[in-house]
Amino acid sequence: MLTFLPVTEPEKLEILYHEAGEQWIENHYAVESHERDTRSGYCLFSLEADKLWLHTMRADEGLVFEGLVRASLYFGANRGAYIAKCSVKEYEDVLLPLGFAWQGNVLAGEIPTILARCKNV
């Protein structure tokens with residue numbers, strides 16, 4: 001069974017961000033995917049007022065990537081985020097089909113619209 005769970009404990013976040021080669025700071029979170037008892041992917045993101053910024057994602061499968069994005073957006077929406085943004089071009093193939101669009105050099109979309117669309121896919 002595949003599960004997606006938020007990571008909010010500072011100690012676990014520091015380890016996860018370190019593994020990704022990034023430094024964890026306040027207002028940065030993660031969602032991990034697990035298949036059975038093995039981590040199958042993660043998504044690192046931050047919350048800034050009404051914005052959620054996707055930073056780093058790792059997964060072996062496209063469906064896991066999509067699940068990580070959706071779980072991250074739900075997490076952010078439950079904490080007041082309305083807009084999701086990502087400046088990492090390599091995630092374009094995952095984010096565009098979910099409803100993100102290029103706005104200059106940033107992929108962006110309204111979280112409620114993206115999540116509503118995901119329910120119908």
Side-chain angles (χ1 to χ4, degrees):
M1 174 187 237
L2 185 61
T3 59
F4 299 92
L5 299 170
V7 180
T8 57
E9 301 84 12
E11 301 81 23
K12 290 181 80 174
L13 285 165
E14 284 186 56
I15 293 168
L16 190 56
Y17 273 76
H18 180 73
E19 286 177 14
E22 297 186 30
Q23 181 177 355
W24 175 78
I25 57 175
E26 194 174 327
N27 292 328
H28 282 64
Y29 302 94
V31 168
E32 289 183 314
S33 60
H34 292 269
E35 191 160 359
R36 297 179 190 92
D37 291 332
T38 304
R39 184 174 70 195
S40 57
Y42 60 85
C43 177
L44 307 180
F45 58 94
S46 60
L47 297 174
E48 300 173 11
D50 67 339
K51 292 175 186 60
L52 179 146
W53 282 90
L54 297 168
H55 298 289
T56 302
M57 291 186 276
R58 300 280 185 267
D60 293 331
E61 297 179 35
L63 289 177
V64 176
F65 269 107
E66 290 181 30
L68 288 166
V69 171
R70 292 177 192 185
S72 299
L73 297 183
Y74 274 110
F75 182 92
N78 286 329
R79 284 152 186 82
Y82 185 77
I83 302 290
K85 295 188 173 200
C86 181
S87 60
V88 183
K89 184 174 178 14
E90 69 186 68
Y91 303 139
E92 174 181 46
D93 291 344
V94 174
L95 299 178
L96 288 175
L98 293 177
F100 283 76
W102 283 106
Q103 294 180 357
N105 58 354
V106 174
L107 286 158
E110 294 180 354
I111 293 173
T113 302
I114 293 168
L115 292 177
R117 181 177 179 171
C118 289
K119 291 178 184 174
N120 297 323
V121 173

Can you list, pair by pair, the side-chain donor-acceptor contacts under 3.5 Å of residues 46-55, counting residues two or more places apart and other chains?
residue, atom, partner, partner atom, Å
Ser46, OG, His55, NE2, 2.7

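Proximity of Leu96 to Trp102: side-chain heavy atoms (C-beta onward) are separated by under 4.5 Å at one or more points. Taking 4.5 Å as the limit, every side-chain heavy atom of Ser87 sits out of range of all side-chain heavy atoms of Asn105.
Around CG of Asn78, the count of heavy atoms belonging to other residues, nucleotides or ligands within 6.0 Å exceeds 12. Environment of CD in Glu9: crowded, with over 12 heavy atoms of neighbouring residues, nucleotides or ligands closer than 6.0 Å.
Taking the six-membered ring for Trp and thresholds of 30 and 60 degrees, Phe45 and Phe75 have ring planes more than 60 degrees apart, a perpendicular arrangement.
Residues Val88 and Ile111 are members of one and the same hydrophobic cluster, defined by side-chain heavy-atom contacts under 4.5 angstrom among Ile, Leu, Val, Met, Phe, Trp and Tyr. Hydrophobic clustering places Leu2 together with Val94 (ILVMFWY residues linked when any side-chain heavy atoms are closer than 4.5 Å, directly or through intermediates).
Taken to the nearest 0.5 Å, the NZ atom of Lys89 stands 11.5 Å off from the CG atom of Leu95. A distance of 9.0 Å separates CD in Glu32 from CG in Leu44, rounded to the nearest 0.5 Å. Between atom OH of residue Tyr29 and atom CZ of residue Arg79 there is a gap of 7.0 Å, rounded to the nearest 0.5 Å. Interatomic distance, NE2 of His28 versus CD of Gln23, reported as 9.5 Å (0.5 Å rounding). Going from atom CD1 of Ile83 over to atom CD1 of Ile114 covers 8.0 Å, rounded to the nearest 0.5 Å. Here CD1 of Ile25 is found 11.5 Å from CG of Leu13. Values are rounded to the nearest 0.5 Å.
Between Phe4 and Ala71 the shortest heavy-atom distance is CB-CB, 3.9 Å. Summarising the geometry of Leu68 relative to Cys43, their closest heavy-atom pair is CB-CB, 4.0 Å, with the distance given to 0.1 Å. The two atoms that bring Gly109 and Phe100 nearest to each other are N-CD2, 4.1 Å, heavy atoms only. Among all heavy-atom pairs drawn from Ala108 and Lys85, the shortest one is CB-CG, 4.0 Å. Closest heavy-atom contact between Leu16 and Ala30: CD2-CB, 3.4 Å. Across every non-hydrogen atom of Pro112 and Tyr82, the tightest pair is CG-CE1, 3.5 Å.
A distance-only check finds a donor-acceptor pair linking the side chain of Tyr91 to the backbone of Met57 [under 3.5 Å]. Under the 3.5 Å distance criterion, the side-chain polar atoms of Tyr74 are left unmatched by any main-chain donor or acceptor of Val69.
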Run Glu19 and Arg58 through side chain to side chain contact (heavy atoms under 4.5 Å, CB included) and show every step you take.
CA-CA 11 Å; Glu19 286 177 14; Arg58 300 280 185 267; over 6 Å; no
